[in-house]
Amino acid sequence: MKHPLIINFKNYEEISAGNALKLAESARQVAEKFQIEIVLAPPPPVLALIAKVIQMPVICQHVDDQKLGPSTGFVVPEMAKSYGVIGSLINHSEHRMEMSSVARLVKRLRKLDMVSIVCAQDPQEVIEISALEPDFIAIEPPELIGSGRAVSKENPAIITKSIQAAGLRSSIICGAGISDRDDVCRAMELGSRGILVASGVIKATPWEKKITELASGMKN
Ligand code: G3P
C-alpha cells in the first residue's frame with residue numbers, strides 16, 4: 001500500500017442490507033479504470049464477503065487487543081487475516097484505544113504482515129504514535145469528521161505539521177470532511193500520501209461518480 005484512497009463504510013445505513021457489495025463493486029471498477037489503490041473498510045459482517053467476492057483490498061475499521069481463541073465477540077487480527085483482510089484502522093476517533101493497546105496491535109499486525117493505519121487527532125498525538133512506527137498515521141481532526149468541511153482546506157497546517165512530526169517513521173494520510181476532487185488535490189499537494197473518506201462517498205449518489213471524482217484528485 002503506497003498511496004491509498006481508503007473508503008470507511010462505518011455503519012452508515014446506506015451500506016446496509018447488501019448495499020455494501022454495490023459500493024465495493026463501484027470502487028473496484030474505478031480502481032481498475034484509474035489504476036489507483038482503493039482500499040475498503042467495510043463493517044465486520046461483510047468484510048470477508050467483499051474480500052472474497054469483489055476481490056478488493058479490505059481492512060478492518062478496528063481490531064481488538066484480545067487473544068485468538070476464547071475471545072467472544074472481539075475482532076482479532078489473525079482471524080481477519082485468515083478471511084483475506086490485509087490490515088486495519090486502529091484508534092479511530094469513533095473507537096479510541098489505550099496507547100498501550102495501540103502499541104501491541106501495531107507490533108502484532110507487523111508480525112502478521114498486515115498494514116497498520118493508526119488514527120491521530122492532532123500533531124502531538126502523531127509524535128507519540130510515530131514512535132510505534134505504524135505503516136500509516138491518519139490525521140483526522142475530530143471536529144471536521146462528517147462535517148463536509150475538508151481538513152485540507154479548513155486546517156492545512158495540521159497535515160504539514162503531522163508530516164514533520166512523523167518524519168520518516170510513518171507515512172501520513174489525512175481524512176475528515178473530504179468530499180470533492182479539490183479537497184483531495186489540496187491534501188496531496190500538502191504532502192499527504194493518501195486519503196481516508198467516509199460520508200463524502202457514502203452520502204453521495206451515484207457512488208461510482210463520486211469515487212471517480214476523488215480518484216481523479218489522487219491522480220492529479
Ligand atoms: O475514517 C474516516 C472518517 O472518520 C472521515 O469521515 O465522513 O468526514 O469523511 P468523513
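Each ligand, and each atom within it, is numbered from 1 in the order the structure gives.
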Closest to atom 7 (O) of ligand 1 among protein heavy atoms sits S199 OG, 2.5 Å
Do the side chains of K203 and E14 get close enough for a salt bridge, i.e. N-O under 4.0 angstrom? yes
For ligand 1, which atoms, with element, lie under 4.0 Å from some heavy atom of L196? 1 (O), 2 (C)
Shortest non-hydrogen pair, F9 vs A20, comes out as CE2-O, 3.6 Å
Between the side chains of E78 and R108, is the shortest nitrogen-to-carboxylate-oxygen separation below 4.0 Å, so that they form an ion pair? yes
Measuring from R193:CZ to D135:CG, what's the distance to the nearest 0.5 Å? 12.0 Å
Got a salt bridge between K210 and E213, using NZ or NE/NH1/NH2 to carboxylate O under 4.0 Å? yes
Paired with S93, the side-chain hydrogen bond (donor to acceptor under 3.5 Å, both in side chains) test is passed by just one of Q121, E140, E143, namely Q121
Does ligand 1 come near enough to G146 that some N or O of the ligand is less than 3.5 Å from an N or O of the residue? yes
Just to confirm my output: which protein heavy-atom neighbour is closest to atom 9 (O) of ligand 1, and how far is it? A198 N, 2.9 Å
Option of least heavy-atom distance to atom 6 (O) of ligand 1 (set: Q61, K10, K203): K10
Under 4.0 Å from a heavy atom of I145: which atoms of ligand 1 are those, numbered in the order shown and with their elements? 4 (O), 6 (O), 8 (O)
For atom 2 (C) of ligand 1, closest protein heavy-atom neighbour: E140 OE2, 2.9 Å
Return the residue, atom name and 0.1 Å-rounded distance of the protein heavy atom closest to atom 4 (O) of ligand 1. H92 NE2, 2.8 Å
